[in-house]
Amino acid sequence: MTLHDASEPDVTGAADDGTVRLRAGGTEVTVLPEDGCRLSSLRVGDAELLAQGDGSGSFVMAPWCGRTAGGVFRNGGTSHRLPLNAGPHAIHGTVREQVWQLADRSEDGRSAAFIVDLAEPWPYRGRVTQILELAPYGGALTLTLGVETAGDSFPAQAGWHPWFVRRLRPDGPEVTLDFSPAGQIVRADGIATTEVGEPGPGPWDDCFTMPDGVDVALRWGQELELRVTSREEWVVVYDEQEHAVCVEPQSGPPNGLNTHPRLVTGIQPLETSTTWSWHRPAAPVE
């Protein structure tokens, strides 16, 4: 998709309240640019896949993912302190609380691009872009994030925090997760360390390593199967809530600004993507 000049964003296709809807086949995605570019809805036919309500749906994590220990990170010899919003830690970046702009939207209504400038309390100038694209048949959604600098280089992360419903309907089957991680990041006092252990049983609020790429299947019985994939090797799984489960592909582990920094420079932005694809499983053979 070709973006317009970011200084003159094209808002064609947004509703009066700023809401943007993408459609293909029997699928509709609702995006709220003024609410952190959050996906507030992903409807496949008559099934809503994302939990509803404030803070639910699916939000962008950037320029860091998960908890940054003590809200402190270093860039070379410079130390920075971020506001603490998760107990003694800083969590999930800043752009989820900012107003984004619609930069471009395809004529067929299947894709759109959104932008936001990094702002305080993040100490570096830059920009985050999110592009969403529905497959022509409506059976998959690809989300792409880019983080670029407008000056000095800085470490960054990017990812998504979707809240998928536990049940597609009140009396329907509960979702199950199927994935085969190579390892599980060991936590100390709730913070991810650099130690990788054997994957343990749930419930989880944990980061897993998948060196061949993230690949997690969510199954609501025979009603629907959803696969979350990414070329990244890090995924956080959070299933401790009764109403939803989170499968979060991201470019680095929690506290990664300190443990696995990925430097964004003038010639090397951070780019990451994930694809969510779904189908209705074939009925079992009698």
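Position 1 is the first residue of the sequence; numbering continues from there.
Contact of the T272 side chain with the W234 side chain is not registered, since no non-hydrogen atoms from C-beta on lie closer than 4.5 Å. Taking the side chain as every heavy atom from C-beta outward, M61 and Q157 never approach each other to under 4.5 Å. The shortest distance between side-chain heavy atoms of T30 and V20 does not fall below 4.5 Å. In this structure the side chain of H243 never reaches within 4.5 angstrom of the side chain of V165, judged on heavy atoms. Counting only heavy atoms from C-beta outward, the side chains of V72 and S79 approach each other to under 4.5 Å. Between P181 and T209 the shortest side-chain heavy-atom distance does not fall below 4.5 Å. Side-chain contact check for W100 versus Q130: some heavy-atom pair is nearer than 4.5 Å. Contact check for E148 versus T129: side-chain heavy atoms found under the 4.5 Å cut-off.
Atom CG of L168 and atom CG of L49 lie 6.0 Å apart (nearest 0.5 Å). S111 contributes atom OG, which lies 8.5 Å from atom CZ of R105 (distance to the nearest 0.5 angstrom). Interatomic distance, CD1 of I267 versus OG1 of T149, reported as 12.0 Å (0.5 Å rounding). How far CG of D108 is from CG of L134: 9.5 Å, rounded to the nearest 0.5 Å. With values rounded to the nearest 0.5 angstrom, Q98 atom CD is found 11.5 Å from C37 atom SG. In this structure, L145 CG and I131 CD1 are separated by 9.5 Å, a value rounded to the nearest 0.5 Å.
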Residue pair D152, F154: steps toward the side-chain contact (heavy atoms from CB on, under 4.5 Å) verdict: CA-CA 6 Å; D152 295 336; F154 55 82; 5.9 Å; no
Test side-chain contact (heavy atoms from CB on, under 4.5 Å) applied to S230 and T275, step by step: CA-CA 6 Å; S230 173; T275 296; over 6 Å; no
Residue pair W160, V228: steps toward the side-chain contact (heavy atoms from CB on, under 4.5 Å) verdict: CA-CA 11 Å; W160 295 267; V228 176; over 6 Å; no
Candidate pair E271 and T144, rule side-chain hydrogen bond (donor to acceptor under 3.5 Å, both in side chains), full reasoning: CA-CA 7 Å; E271 296 179 344; T144 302; over 6 Å; no
Pair C246-H161, side-chain contact (heavy atoms from CB on, under 4.5 Å): steps then yes or no: CA-CA 7 Å; C246 304; H161 195 305; 3.4 Å; yes
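Both F114 and L270 are part of a single hydrophobic cluster, where members link through side-chain heavy atoms under 4.5 Å apart. Side-chain heavy atoms closer than 4.5 Å link hydrophobic residues (I, L, V, M, F, W, Y) into clusters, and following such links, possibly through other members, connects V95 to L143. Under the 4.5 Å side-chain heavy-atom criterion for grouping Ile, Leu, Val, Met, Phe, Trp and Tyr, I185 is not connected to V235 through any hydrophobic cluster. Criterion: ILVMFWY side-chain heavy atoms under 4.5 Å apart, direct or through other members. Under it, W163 and V60 are not part of a common hydrophobic cluster. Both L224 and V216 are members of a single hydrophobic cluster when ILVMFWY side chains are connected at heavy-atom separations under 4.5 Å.
Side-chain atoms of T27 come within 3.5 Å of backbone atoms of G138 as a donor-acceptor pair (strictly under, hydrogens ignored). In this structure a side-chain-to-backbone donor-acceptor pair under 3.5 Å is missing from Q184 to G197. Proximity of a side-chain donor or acceptor of Q101 to a complementary backbone N or O of A103 within less than 3.5 Å is not detected. Remark: side-chain polar atoms of T265 are paired, donor with acceptor, to backbone N or O of Q268 under 3.5 angstrom. In this structure, the side chain of S251 engages the main chain of A158 through a donor-acceptor pair within 3.5 Å. R43 contributes no side-chain N or O that, together with a main-chain N or O of L50, makes up a donor-acceptor pair within less than 3.5 Å. Put simply, the side chain of R125 never gets that close to the backbone of D117: no donor and acceptor are under 3.5 Å apart. In this structure, R74 contributes its side chain and G77 its backbone to a donor-acceptor pair below 3.5 Å.
Annotation: side-chain contact (heavy atoms from CB on, under 4.5 Å) contacts of T78 (sequence neighbours excluded): H80. Under the ring-ring contact (aromatic ring centres under 6.0 Å, His included) criterion, W220 pairs with no residue at all, not counting sequence neighbours. Here R227 pairs with D215, A217, E225, T229, S277 under the side-chain contact (heavy atoms from CB on, under 4.5 Å) rule; sequence neighbours left out. Remark: A86 pairs with R67, I91 by the side-chain contact (heavy atoms from CB on, under 4.5 Å) rule, at least two apart or across chains. Applying the salt bridge (Lys or Arg N to Asp or Glu O under 4.0 Å) test to E232 and every residue at least two apart in sequence or in another chain returns R262.
Contact between P203 and E240 at its shortest, heavy atoms only, is CB-CG, 4.1 Å. Pairing each heavy atom of R169 with each of D171, the nearest pair is NH1-OD1, 2.7 Å. When all heavy atoms are compared, the tightest approach of P253 to T259 is CG-OG1, 4.1 Å. The two residues N258 and A69 have their closest heavy-atom pair at ND2-N, 4.5 Å. Pairing each heavy atom of P211 with each of E233, the nearest pair is CA-CB, 3.8 Å. Minimum interatomic distance between L257 and P63 (heavy atoms only, all atoms of both residues): CD2-O, 3.9 Å.
With 3.5 Å as the limit, one finds a donor-acceptor pair spanning the side chains of S41 and E48.
For the side-chain contact (heavy atoms from CB on, under 4.5 Å) with V245, the lone residue among V237, L218, T176 that qualifies is L218. When each of T94, V147, I115 is checked for a side-chain contact (heavy atoms from CB on, under 4.5 Å) with V128, only V147 meets the rule.
Residues in residues 77-97 take part in no salt bridge (charged side-chain N to carboxylate O under 4.0 Å, His left out) pair, two or more places apart or across chains.
Here the two rings, on Y124 and W64, have centers that are 6.0 Å apart or farther. Taking the six-membered ring for Trp and the full ring otherwise, the centers of F59 and H92 sit less than 6.0 Å from each other. Within the 6.0 Å centre-distance limit, the rings of F179 and W204 are counted as a close aromatic pair.
A salt bridge links R167 with E174: the closest approach of a Lys/Arg side-chain nitrogen to an acidic carboxylate oxygen falls below 4.0 angstrom.
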